There are 2 protein chains.
Amino acid sequence: MNDTTREETQPLQPLIVLVRPQMGENIGAAARAMLNFGLTGMRIVAPRDGWPNPKAVAMAAGAGRVLDDARLFDTVEEAVADCSYVVATTARQRGLFLPVHDAEGAVKEIRTRQAGGERCAILFGGEKSGLATEDVARANAILTLPVNPEFSSLNLAQAVLLTAYEWRRSVDASLPFDSPYDDTPAPRQELDGMLAHLNGVLEEAGYFYPEDKRITMERNLRTMFTHARFTEAEIRLFRGMIRQLAYWGRGGSDS
Amino acid sequence: MNDTTREETQPLQPLIVLVRPQMGENIGAAARAMLNFGLTGMRIVAPRDGWPNPKAVAMAAGAGRVLDDARLFDTVEEAVADCSYVVATTARQRGLFLPVHDAEGAVKEIRTRQAGGERCAILFGGEKSGLATEDVARANAILTLPVNPEFSSLNLAQAVLLTAYEWRRSVDASLPFDSPYDDTPAPRQELDGMLAHLNGVLEEAGYFYPEDKRITMERNLRTMFTHARFTEAEIRLFRGMIRQLAYWGRGGSDS
């Protein structure tokens, strides 16, 4: 069993407790899923193939440190002995009188408890049949996901992934990069300038024909470009395009 | 290429487009992730190992029908030719002037467009390096996830899973089962009845000693059981327990 140093430095994270997991690959994939969303405290109860497990290490790839720091226990009771709020993940109703939350709701409860200094844990059952009902009965609440009832089986790492994702969103929903995109439409005077420019060039090109349709044609152009909601940058781009078409239409001269 | 029958019956779902996926296992896992959250329309662009792919079928397990109905294309251009709103998933900024959304935001945009009758698609890049910048440039918007910047690589099926999960939550966040749990505390008269019962039994058992501490002791009991916020069912359970203890304390008689 490792020391608790790393766990202790992250008191405001829920511990992810894998209960009787079977395949090492799934333990490794769960470690990756945790680290993808910033969780690092893993506990493992009675893994079928013993511990450490080379297949877990191979699958964890860059998340090996989550496995290095994982703590091993014989029973769920021991794994949550130092926790005061425990959530059990299950896809099946157990007839237990426990509150049922989705991942977002469970994470919200956990954050409230943690703000009060409580250590929290989330239990995930093994691949074969999930948590035993006795395990769920040790929890304060059930976490379940809004899966398609006709196809509800999620694998272990996927259940961990969705939970870790909601955890991170609750802590820091910021995205890894910002957008340079600004879709604010240009002020009308910019649009009007563009339309005057365009109409002038189209006039020169002989577009407004017959003459009695001119008003309607100009109006339709205005509607179309109003609808397009061009930004100032897009208007500059468009005017550059028109300028070049006009230059070309004039046989390579500028006016 | 299959016909579009199944896709056409689900016009209000975004199509999941896998662009140059490599491992069949990941295509199968993506199919499972889609069906877990109710998505069924998959399109595949230029899969490395050809199509159909037996490894995809093996991994898809119960989600084989998603693969059966998947449509194959040579290029992204063809795969989204009938779509009017396209979202590209990427973990990297591309210098493109596109809006950036998280999964929840992207799904919200898609639902708005679909309500207006638009066919929508979400592009996912292959395992090696994700989408090409040219693919992203075909999109109306970028979808990215709030991953841990120090460990951001999600596999294909995980990215599909998180997107499908947000999709389902936006459509129907209901959980697969309800809770029989009702934590409404019993009305005070029930609590008072329980305390009177308890105090009577404790009196009989010689608990209130010394006499001058009785008031404090009773008050502490009241505070403790008020804090416990027992429901009516819990109060019945508690009183049953006290009744039996009293029966036993009396040497097996009822009064």
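None of these values were measured; they are calculated from a predicted model. Protein chains get the first letters and strands the later ones, always in sequence-line order, with residue 1 at the start of each.
Residues meeting the side-chain contact (heavy atoms from CB on, under 4.5 Å) test with A:Ala121, sequence neighbours left out: A:Leu15, A:Val17, A:Val80, A:Cys83.
Side chains of A:Leu175 and B:Leu145 form no contact here, defined as non-hydrogen atoms less than 4.5 Å apart. Side-chain atoms of A:Phe151 and B:Val66, non-hydrogen and from C-beta on, never get closer than 4.5 Å to each other.
Both the backbone and the side chain of B:Leu35 have a heavy atom closer than 4.5 Å to some heavy atom of chain A. The contact between B:Ala63 and chain A is made by backbone and side chain atoms together, counting heavy-atom distances below 4.5 Å.
For the set A:Ile142, A:Leu98, A:Leu96, A:Leu154, the count of heavy-atom pairs under 4.5 angstrom toward chain B peaks at A:Leu98. Looking only at heavy-atom pairs under 4.5 Å with chain A, the residue among B:Pro146, B:Ala164, B:Pro149 that has the most is B:Pro146.
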Could you show, one pair per line, the donor-acceptor contacts under 3.5 Å between chain A and chain B?
{"unit_1": "A:Arg32", "atom_1": "NH2", "unit_2": "B:Ser153", "atom_2": "O", "d": "3.3"}
{"unit_1": "A:Arg32", "atom_1": "NH2", "unit_2": "B:Ser153", "atom_2": "OG", "d": "3.0"}
{"unit_1": "A:Leu35", "atom_1": "O", "unit_2": "B:Asn148", "atom_2": "ND2", "d": "2.8"}
{"unit_1": "A:Asn36", "atom_1": "O", "unit_2": "B:Asn148", "atom_2": "N", "d": "2.6"}
{"unit_1": "A:Asn36", "atom_1": "ND2", "unit_2": "B:Phe151", "atom_2": "O", "d": "3.0"}
{"unit_1": "A:Asn36", "atom_1": "ND2", "unit_2": "B:Ser153", "atom_2": "O", "d": "3.1"}
{"unit_1": "A:Gln93", "atom_1": "NE2", "unit_2": "B:Asp178", "atom_2": "O", "d": "2.7"}
{"unit_1": "A:Leu98", "atom_1": "O", "unit_2": "B:Ser179", "atom_2": "OG", "d": "2.8"}
{"unit_1": "A:Asp102", "atom_1": "OD2", "unit_2": "B:Arg169", "atom_2": "NH1", "d": "3.3"}
{"unit_1": "A:Glu104", "atom_1": "OE1", "unit_2": "B:Arg169", "atom_2": "NH2", "d": "2.5"}
{"unit_1": "A:Pro146", "atom_1": "O", "unit_2": "B:Arg168", "atom_2": "NE", "d": "2.8"}
{"unit_1": "A:Asn148", "atom_1": "N", "unit_2": "B:Asn36", "atom_2": "O", "d": "2.6"}
{"unit_1": "A:Asn148", "atom_1": "ND2", "unit_2": "B:Leu35", "atom_2": "O", "d": "2.8"}
{"unit_1": "A:Phe151", "atom_1": "O", "unit_2": "B:Asn36", "atom_2": "ND2", "d": "3.0"}
{"unit_1": "A:Ser153", "atom_1": "O", "unit_2": "B:Arg32", "atom_2": "NH2", "d": "3.3"}
{"unit_1": "A:Ser153", "atom_1": "O", "unit_2": "B:Asn36", "atom_2": "ND2", "d": "3.1"}
{"unit_1": "A:Ser153", "atom_1": "OG", "unit_2": "B:Arg32", "atom_2": "NH2", "d": "3.1"}
{"unit_1": "A:Tyr165", "atom_1": "OH", "unit_2": "B:Glu166", "atom_2": "OE2", "d": "2.6"}
{"unit_1": "A:Glu166", "atom_1": "OE2", "unit_2": "B:Tyr165", "atom_2": "OH", "d": "2.6"}
{"unit_1": "A:Arg168", "atom_1": "NE", "unit_2": "B:Pro146", "atom_2": "O", "d": "2.8"}
{"unit_1": "A:Arg169", "atom_1": "NH1", "unit_2": "B:Asp102", "atom_2": "OD2", "d": "3.3"}
{"unit_1": "A:Arg169", "atom_1": "NH2", "unit_2": "B:Glu104", "atom_2": "OE1", "d": "2.5"}
{"unit_1": "A:Asp178", "atom_1": "O", "unit_2": "B:Gln93", "atom_2": "NE2", "d": "2.7"}
{"unit_1": "A:Ser179", "atom_1": "OG", "unit_2": "B:Leu98", "atom_2": "O", "d": "2.8"}

